[in-house]
Each structure stands twice: as structure tokens, then as C-alpha cells.
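Everything on this sheet refers to the single structure shown next.
Residue numbers count from 1 along this sequence. First listed ligand is number 1; within each ligand, the first listed atom is number 1.
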Amino acid sequence: MKAIVVHQFGGPEVLKLEEVPTPKPAAGQVLVRIHAAGVNPYDTYMRAGTYAVKPPLPYTPGSDAAGVIEAIGDGIKKVRPGDRVYTAKTVTGAYAQYALALEEQVHPLPEKISFGQGAAVWVPYGTAYHGLHHSAEAHASEIVLVHGASGGVGSAAVQMARAMGLTVFGTAGTQKGFELVRHEGAHQVFDHHKAGYQDEIFKATGGRGVDIILEMLANVNLSADFKLLATHGRVIIIGNRGEITINPRDLMLRRASARGFTLWAITSEEEKEIHAGLIAGLENGTLRPVVGKELPLAEAARAHKEILEPGAAGKIVLVP
Ligand code: NAP
């Protein structure tokens, strides 16, 4: 089979398309024929060798894929060959024509969800779900600001928060992004590159502030975020690429809080709940993954460059 293989950490050019043996499922494993693999920002940090999780070399990147069960090992009860699934992590890596996964890493992909969309489920929607439900404990009637709503996590969070009954504000940096965020359900959209846009957001709340901020770029926004919060507001730090100075008094005045998480650290109970929630949302149409770009597997390096560039519009997926 063809797979992307990384032999050394480095720039996007270390992603090499190679011919490798197709793996065989051992007991408790399944082999998935991959139709699409999702590209996430953390894939680029891992490839660069700067991420907290460093895989042993060589490795094939990718946790998010969608495809069809090709073969199953002994003891598998949940799926059968021919079943459509999405993956939440894999054993051998998603940037390939086939991947081994543990039985608990594959989940049913509803008929109405395409393989491209299925590759956009796990990290983006799992993060949005954990951020809104477990971290923020969001409830209907609250105001959420999805700070960076045009990308994978942001567009997922907009759809989910809207379906939960929150008032949804979203930000983006391009015309295409504004349109996408509005289309996915945001009540109001703001330009995170425009001077004074935070004042516009504050005004839009009638001077009350927002209850929740899902933050995609904390090293840029965290200090200003605190000033946008209502009493008991909370900032959920999802994305961060550096350091920032904050004034804790901004939290004290509002009895507010900031929390962070990584999806890697959630419990198996939380993960079980997340998949049940996501599958229900995919089935009932409230969750509709947005695929902005499909690229051939051979163009993984291009995908890794583009995912870090401004102008997000949903997900980038690789098609083997
Ligand atoms: P993505 O698809 O590349 O989207 C990036 C988003 O950030 C876009 O909406 C982009 O908007 C926005 N952005 C750019 N400049 C911004 C600014 N000044 N203020 C606010 N937003 C800005 O990435 P993603 O998959 O959604 O992930 C978003 C971040 O969360 C990444 O840093 C990722 O590593 C992190 N993440 C963390 C977890 C976790 O477990 N904690 C899980 C998933 C993702 P425009 O392009 O329209 O300007």
C-alpha cells in the first residue's frame, strides 16, 4: 500500500509517499481501507518534533480518517468487513491507503456523512464537544464567542453551540471565512484582523460580555478575551502557539476563569460520551463537517503548509 512516512522530524518536506507492506489485523484490531484522512494542526507540530507527543521514527501521521472495514482480527464484535467507519486515533497512522486501528478506535459513520466529512470528525468535533460540554459546561441561552470559527474546530463549535441553544458569535479573517461561519449558524460574525473588533463584540452583548470564549489562538488573544467576559465567564483555551502577558485582575473583577485542555488527556468515559453525542449530531443533521479542500495523499506536504496559513475554510483532507 501507499503511505506517508516520516523518517526524521522536520519541515513538510519530510512527509514522503512510500510503498509499504499492508498491515494485517491482530486480535482486537481492524484494518480500515481509508477513503479520506483529516489534516490537523497538531499533525504539523508532531512532524516538526516540537509536540508533547513524539512518535518513534519512522511513523505515518494522522489520527482522523474515514473508510470501510477491510478485515478484522480475532475477538472483534463491534464492526464487520464492509462497515463504514471514522477513526479516532489509529495504530499505524491515517495518512495511508490502509490503517490498523483498535476496535475502540473505530466508530460508525452515518450514511449521509461522506468519507471526506468523516475524516473531519474526530479531532475537530471531539475538541468542540469537550470544550463546550465538559470544559465550559455551556448551556442554552448563554453567549459563546468562537474565537477562530472558520477552521476545523471553530466551524464544528459553531454548529454544535447553535444546536445547543446558545447565542453564537464567531470570528474569521477573510470574506470566505465570514460567509462560512455565518452559514454554519453564527448569529454574528466579526473580523479578528480588524482594529477594535473586540469593542464591536462587547457592544453586541449590550455591554454585558460573553459567557464563554472558545479560544483558537490564546497567545494573541487571551489578555483581551478576559475583558470581554461577563460575570462568571470562562475562556476555554483550545489553541496556543506561544506566550502572552495577562492581568489576573481582569478575571478577579468578573469572577471569571480560564481553562485549558488537550484532547489526548480526556478520560475514556468522556470519550465514550463524545462519540455518542457526535454520532447523534451527525445522524440528525446538526453536525455537518465542512470540507474546504481535498488533496491527493501525495500532496501531504502542501496540506501541512496550507493548514498553518491564514484563510481557513473548514477542513483539509487527504484522499489516498
Ligand atoms: P484551523 O482549521 O487551521 O483553523 C485555525 C483558525 O484560527 C481559523 O479559524 C483562523 O481564522 C483562526 N485564527 C487566525 N488568526 C486568528 C486570530 N488572530 N484570532 C482568532 N482566531 C484566529 O485549525 P483548527 O483545527 O481549527 O485548530 C485551531 C487551533 O486549536 C490550532 O492551534 C490547533 O492546534 C488547536 N487544537 C487544540 C486541540 C486541543 O486538544 N487543545 C484540539 C484541536 C485543535 P482565519 O484563517 O479565518 O483567519
Checklist entry - So which bit of Ile237 gets within less than 4.0 Å of ligand 1, heavy atoms only: side chain, backbone, both or neither? => result neither
Checklist entry - What is the ring orientation for Phe9 with Tyr59, classed by angle as parallel under 30°, tilted 30 to 60°, or perpendicular over 60°? => result tilted
Next on the checklist: With a 4.0 Å cut-off on heavy atoms, is Lys176 in contact with ligand 1?
Outcome noted: no
Checklist entry - In terms of side-chain heavy atoms, does Tyr42 have a donor or acceptor partner in Ser63 at a distance below 3.5 Å? => result yes
Item to check | Geometric N/O contact Glu215 with ligand 1, under 3.5 angstrom | outcome: no
Checklist entry - What do you reckon, does Gly148 put a non-hydrogen atom under 4.0 Å from ligand 1? => result yes
Next on the checklist: Would Leu217 count as being in polar contact with ligand 1, using the rule that some N or O on each side must be under 3.5 angstrom apart?
Outcome noted: no
Next on the checklist: Counting only heavy atoms closer than 4.0 Å, does ligand 1 sit against the backbone of Tyr45, its side chain, both, or neither?
Outcome noted: side chain
Item to check | N or O contact, His192 vs ligand 1, cut-off under 3.5 Å | outcome: yes
Item to check | ligand 1 versus Leu308: contacting region, heavy-atom distance under 4.0 Å | outcome: neither
Item to check | Lys315, portion touching ligand 1 at heavy-atom distance under 4.0 Å | outcome: neither
Checklist entry - Going by atom types only, do His134 and Glu273 share a side-chain donor-acceptor pair under 3.5 Å? => result yes
Next on the checklist: Please determine whether any non-hydrogen atom of His193 lies less than 4.0 Å from an atom of ligand 1.
Outcome noted: yes
Checklist outcome for this item: Here the atoms of ligand 1 under 4.0 Å from any heavy atom belonging to Ile307 are 3 (O)
Checklist entry - Is Val123 in polar range of ligand 1, meaning some N or O pair under 3.5 Å apart? => result no
Next on the checklist: I'd like to check whether Gly173 has a polar contact with ligand 1, where a contact means an N/O of the residue lying under 3.5 Å from an N/O of the ligand.
Outcome noted: yes
Next on the checklist: Taking 4.0 Å as the limit for heavy-atom contacts, which would you say applies to Thr127 with ligand 1: side chain only, backbone only, both, or neither?
Outcome noted: side chain
Next on the checklist: So for ligand 1, is Ala172 a polar contact partner (N or O within less than 3.5 Å, distance only)?
Outcome noted: no
Checklist entry - Counting only non-hydrogen atoms of the protein, does one fall under 4.0 Å from atom 22 (C) of ligand 1? => result yes
Checklist entry - Which is it for Pro124 and ligand 1 at heavy atoms under 4.0 Å: side chain, backbone, both or neither? => result neither
Item to check | Which of the ligand 1 atoms, numbered from 1, are nearer than 4.0 Å to a heavy atom of Ser150 | outcome: 8 (C), 9 (O), 10 (C), 11 (O), 45 (P), 47 (O)
Item to check | Nearest neighbour of atom 2 (O) of ligand 1 from the list Gly311, Gly131, Gly152, Pro310, on a heavy-atom basis | outcome: Gly152
Checklist entry - Any N/O of Gly151 closer than 3.5 Å to an N/O of ligand 1? => result yes
Checklist outcome for this item: Check: of Gln175, His147, Met216, min heavy-atom distance to atom 28 (C) of ligand 1 comes from Met216
